[in-house]
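One structure below.
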Amino acid sequence: MTLSSVAAAPAGSRAGPALRLDRLVKRYGERRALDGLSLSLAPGCFVALLGPNGAGKSTLFQVLTGLFVADEGEVEVAGCSLRHDAVAALRHIGVVFQQMSLDLDLSVERNLRFHADLHGLPRALAGERLRAGCQALGLEKDLARPVRELSGGNRRKVELVRALLHQPRVLLMDEPTVGLDPKSRRDLLAAIRADITARASTVLWATHLVEEAEAADRVLVLHRGRLLADGTPAEVTATLGGRTLEEAFIGATQS
Ligand code: ADP
């Protein structure tokens, strides 16, 4: 069973891009954290958003999750405008934030049910999905346990199950492997790949780790709020110039 094996994905425009940004600008005072960012992500791909600290990755995610409003530009999620119909657009977004955001005193199931209720999922369907999701990630024995008792790796897995409960078209992962051991990291990646295969979801994975970007279908290199390169890992390496992606990335972003 995979995370997405229960019930069909929600309706939404499947013909066009999963995510489209058009000349997005976000300022903090004089500083432009996002400086006219445009891009389009197709359904069914794993995209790494690779940028050094301060590149604008978290700011982009804050805009995409509705926490901040962009100063200029447009965002469309599954064809829904974030500016004009935020509720519809946000229905198609799932997110795992950098900081753990589970209630430590509640059980795994209560945490997941809370999220399902926020999204208005019928109780029986929520139960099926959360059980399937936990089973896929080896958490089925932990459903009744308080999150406090879980390891860091398993807490992250619960957050992934939660982010996918409403079957979003676009999954945002903000540096999700920080502090995880190699096995937990591998499990997380495998679960995400399975979801992409099962539902043609699109994953935008923010990282400053080149090795994680090397495993992506597509790499976006963000620096000072602008895209420096966009393509497969090999294409990005060639565009930026270097023998390896790491060399190319460091060379292009160290200034
Ligand atoms: P990243 O997530 O890639 O490390 P951020 O989005 O956090 O980058 O930051 C992008 C830029 O915006 C940086 O120059 C950062 O200092 C600045 N910045 C981020 N958040 C704020 C804020 N709340 N107020 C002022 N400047 C900020």
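Whatever order the structure lists them in is the order used to number ligands and atoms, beginning at 1.
The residue from Thr207, Val95, Leu189, Leu188 that alone fulfils the side chain to side chain contact (heavy atoms under 4.5 Å, CB included) condition with Pro176 is Leu188. Thr253 pairs in a side chain to side chain contact (heavy atoms under 4.5 Å, CB included) with only one of the listed residues (Leu228, Leu240, Leu222), which is Leu228.
Residue Pro52 has at least one heavy-atom neighbour below 4.0 Å for each of these atoms of ligand 1: 3 (O). Set against the non-hydrogen atoms of Ala55, the atoms of ligand 1 under 4.0 Å away are 1 (P), 3 (O), 8 (O).
Counting protein heavy atoms only, atom 7 (O) of ligand 1 is closest to Ser58 CB, 3.8 Å. Protein heavy atom in closest approach to atom 5 (P) of ligand 1: Thr59 OG1, 3.7 Å. Looking from atom 19 (C) of ligand 1 to the surrounding protein, the closest heavy atom is Tyr28 CE1, 3.4 Å. Here the protein heavy atom with the shortest distance to atom 15 (C) of ligand 1 is Arg31 CD, 4.5 Å. Atom 11 (C) of ligand 1 has its closest protein heavy atom at Gly54 O, 3.6 Å.
With a heavy-atom cut-off of 4.0 Å, Ala206 does not touch ligand 1 at all.
Residue Gly56 places at least one N or O, backbone or side chain, under 3.5 Å from an N or O of ligand 1. In terms of N/O distances under 3.5 Å, ligand 1 is not approached by Asn53.
Between atom CG of residue Leu41 and atom CZ of residue Arg20 there is a gap of 11.5 Å, rounded to the nearest 0.5 Å.
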Between side-chain atoms of residues 49-59 and protein atoms elsewhere (two or more places apart, or another chain), which donor-acceptor pairs fall under 3.5 Å?
{"residue": "Lys57", "atom": "NZ", "partner": "Gly51", "partner atom": "O", "Å": "2.8"}
{"residue": "Lys57", "atom": "NZ", "partner": "Pro52", "partner atom": "O", "Å": "3.0"}
{"residue": "Thr59", "atom": "OG1", "partner": "Tyr28", "partner atom": "OH", "Å": "2.9"}

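Within the 4.5 Å cutoff, side-chain heavy atoms of Glu74 are placed close to those of Arg83.
Surrounding CZ of Arg145 are more than 12 heavy atoms belonging to other residues, nucleotides or ligands, all under 6.0 Å away.
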Walk me through whether Asp217 and Arg193 qualify under salt bridge (charged side-chain N to carboxylate O under 4.0 Å, His left out). CA-CA 11 Å; Asp217 303 323; Arg193 280 285 183 192; 3.2 Å; yes
